[in-house]
Amino acid sequence: MQAPSVGGVMLPRGNGQTVRLSRGASLTDFAEKINANPASLVGVMMNLGEMVTATQSVSDETLKLLADEMNFVLEIVSPEEEDRELLESFDIEFGEDEGGDEALLPRPPVVTVMGHVDHGKTRLLDAIRKTNVIAGEAGGITQHIGAYQVTAEVNEEPRKITFIDTPGHEAFTAMRARGAKSTDIAILVVAANDGVMPQTIEALNHAKAADVPIVVAVNKIDVEGADPVKVRGQLTEYGLVAEEYGGDTMFVDISAKQGLHIDQLLEAVVLTADASLDLRANPDQDAQGIAIESHLDRGRGAVATVLVQRGTLRVGDTMVVGDAYGRVRAMLDDKGENVEEAGPSTPVLVLGLTNVPGAGDNFLVVDEDRTARQIAEKRAARERNANFARKGVRFSLENLDEALKAGLVQELNLIIKGDASGSVEALESSLLQLDVGDEVDIRVLHRGVGAVTESDIDLATGSDAIVIGFNVRAAGRAQQMADREGVDVRYYSVIYQAIEEIEAALKGMLKPEYEEVELGTAEIREIFRSSKLGNIAGVLVRSGEVKRNTKARLLRDGKVVAENLTISGLRRFKDDVTEIREGFEGGINLGNFNDIKVDDVIATYEMREKPRG
């Protein structure tokens, strides 16, 4: 078989040689690996019927087609392997404790609570926190950071336990699975009145896949119809045999609502850790660990809750978290108090990052700011290349079915923005798991935390994507830009509604009936107290017009804090009016809703019937 020739130039033959490339590589990257001219590879692709430029990111399939033509074996490097090679190039070992056995010291176990929805996971986490409230603390829990640490008394010795507080819905499978990977022990909550349910088995499988010991909390023992013995029997079928039946799994009967036997549960966690695990880490090396949760805070900027897994994290350290980096300006514990350092198994809220990292991203401390920036930028570039590897055709959810039938699209490109990285990741995972046949693929081009921005609309315009806002809205002129460019932006506050609508669109069942039309936005400049009417917002109308009796929502820093409000009163000076136009000031009364602050934005809208067709 002859080597391919372009314009009389003979190209190298692979003879089965392996070429390693990352996801989203370009023809130039391929050419560098085989010492060829990128322009000649563009020619080969044209001969194969593919129009590709030398520098654009191309799909794995395209690269494989080219490799096969030139008799090379293509190996796509996984993101994990690529990241390991990236860190090795900076002489950084991730995931290893430095020093010998003598450098390792005991650390607290990290626990994730799992189980079926409504079986009491959230209430159990609250009960555990309440049992650890020190007398005199104001309420005890002042900060939700996605993780917290408690102290249990075991054999008259205080023992710390760290809990990762992950959401429990089935849509949050990704977060729960990730939680288990960063976890030493899983508490499986099973309601004594319901017994083993589908999500119980799903949670159990996640814990087994992560190879972590399980402690079973049989909850709701105070409820009528409770049968803890039945639960033990059911779980025996799934390989969890209670100690009293000759097995090695500890079962504890509890009532999270009444706070019964919480101490025994914590003791069971510590005893299981001591019996099954060697929980030690080196506290003296540079800190490494995992990001549990992250979001944009109005006053603090990008903040992330990180769990230190080895080493000690200190204020002033330079850290990299995924594609974010920065110097640690401050650290807060779960009580909202400043701490100077955090050792192994300690969760802290970190301030000082350049942007919001993803939930589940690894973090590490490096010596220099420059090193941190280089690692973060290379990670961001790699992610960007992978996302741009394939292109689609612009459409909305309504015309998706027609586009599919006409063969115009084979994939649905999405951009997901949300109020917290965990929610975004869970929504992405749920959407990617939708089973809609072979006709169409779902691809998430970009996901992020915070309001939908103009750069999101830019990306959607260039890649023909649909934008999903989960518990966030468009900021600034992003909505006008989306309307102008014809980008479909969808807002959701319930994760299942987003999943159902996109699944329905993919299956051609979405029937548009009504659409939300924004009428106007008003910024609150002052708040007036009225004994008769409650709080009245003194506003400046920023865009459009605000009309009386229309629907409204309240936005605080781009995030929705209240839905389904009504403009019940509208005044200009001392006169009642029916509308206030852009650029004018006035007073707005939102009926019984009084939780308003200066700088909040009142966005008004109405539902209009959408023309079919």
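Atom OG of residue Ser493 and atom CG of residue Asp419 lie 10.0 Å apart, to the nearest 0.5 angstrom. Note that CG of Leu66 is 7.0 Å distant from CD1 of Ile34, once rounded to the nearest 0.5 Å.
Of the N and O atoms on the side chains of Asp458 and Ser455, not one donor lies less than 3.5 Å from an acceptor on the other residue. For the residue pair Gln433 / Ser429, a side-chain donor-acceptor distance below 3.5 Å is found, with atom types taken as modelled. Donor-acceptor pairing under 3.5 Å is recorded for the side chains of Glu501 and Tyr492. In the model, Ser543 has a side-chain atom that pairs as donor or acceptor with a side-chain atom of Thr521 under 3.5 Å. Using modelled atom types and a 3.5 Å distance limit, the side chains of Ser345 and Thr162 yield no donor-acceptor pair.
Taking a 6.0 Å sphere around CZ of Arg477, one finds it holds 12 or fewer heavy atoms contributed by other residues, nucleotides or ligands. Counted within 6.0 Å of CD on Glu93, heavy atoms from surrounding residues, nucleotides or ligands total 12 or fewer; the atom is thus considered open.
Residues Arg300 and Leu332 form a side-chain contact, since some pair of their non-hydrogen atoms from C-beta on lies under 4.5 Å apart. Between Met70 and Leu41 the shortest side-chain heavy-atom distance falls below 4.5 Å. Side chains of Arg379 and Asp361 form no contact here, defined as non-hydrogen atoms less than 4.5 Å apart. For the pair Gln288/Arg310, a side-chain contact is recorded, criterion being any heavy-atom separation below 4.5 Å from C-beta on.
In terms of the side-chain contact (heavy atoms from CB on, under 4.5 Å) criterion, residue partners of Thr371 (sequence neighbours excluded) are, by chain and number, Phe90, Val366, Glu368, Ile375. Among residues two or more places apart in sequence or in another chain, the salt bridge (Lys or Arg N to Asp or Glu O under 4.0 Å) test is passed with Arg542 by Glu523. Arg280 meets the salt bridge (Lys or Arg N to Asp or Glu O under 4.0 Å) test with Asp101, Asp278; sequence neighbours excluded. By the salt bridge (Lys or Arg N to Asp or Glu O under 4.0 Å) test, Asp367 pairs with no residue at all, sequence neighbours left out. Scanning for salt bridge (Lys or Arg N to Asp or Glu O under 4.0 Å) contacts around Glu88 gives an empty result, with sequence neighbours left out. Applying the side chain to side chain donor-acceptor pair (under 3.5 Å) criterion to Tyr605, with sequence neighbours excluded, gives no partner residue.
Tested against Gln309, the residues Ile290, Val110, Asp97 include a single side-chain contact (heavy atoms from CB on, under 4.5 Å) partner, Ile290. The side-chain contact (heavy atoms from CB on, under 4.5 Å) test with Arg490 singles out one residue from Leu414, Ile466, Val467, and that residue is Ile466. Checking each of Asp60, Thr62, Asp68 against Lys64 for a side chain to side chain donor-acceptor pair (under 3.5 Å) leaves exactly one that passes, namely Asp68.
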Problem - Audit row: Thr312, Asp284, side-chain contact (heavy atoms from CB on, under 4.5 Å) steps and yes/no - result: CA-CA 6 Å; Thr312 300; Asp284 298 323; 5.7 Å; no
Exercise for the section: Please assess Leu432 against Glu428 for the test side-chain contact (heavy atoms from CB on, under 4.5 Å), listing each intermediate value before the final yes or no. Expected result: CA-CA 6 Å; Leu432 292 177; Glu428 178 189 21; 3.8 Å; yes
Practice task
Apply side-chain contact (heavy atoms from CB on, under 4.5 Å) to Ile468 and Leu431, showing your working.
Solution key: CA-CA 11 Å; Ile468 292 176; Leu431 291 172; 4.1 Å; yes
Practice task
Begin with the C-alpha distance, continue with both residues' side-chain angles, and end with the deciding distance and a verdict on side-chain contact (heavy atoms from CB on, under 4.5 Å) for Ile495 and Phe470.
Solution key: CA-CA 8 Å; Ile495 203 165; Phe470 184 68; 4.0 Å; yes
Exercise for the section: Please assess Glu518 against Arg473 for the test salt bridge (charged side-chain N to carboxylate O under 4.0 Å, His left out), listing each intermediate value before the final yes or no. Expected result: CA-CA 12 Å; Glu518 187 175 288; Arg473 311 294 293 182; 5.7 Å; no
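Using a distance-only test at 3.5 Å, with no hydrogens or angles considered, no donor-acceptor pair links the side chain of Glu485 to the main chain of Thr461. Side chain of Lys417 to main chain of Gly448: no donor-acceptor pair is present (N/O by atom type, distance under 3.5 Å, no hydrogens or angles).
Between Arg382 and Glu85 no salt bridge is recorded (no basic side-chain N to carboxylate O distance below 4.0 Å). The pair Arg107-Asp184 meets the salt-bridge criterion, with a side-chain N (NZ, NE, NH1 or NH2) lying under 4.0 Å from an Asp/Glu carboxylate O.
For the pair Arg84 and Phe94, the cation-pi criterion (under 6.0 Å, within 45° of the ring axis) is not fulfilled.
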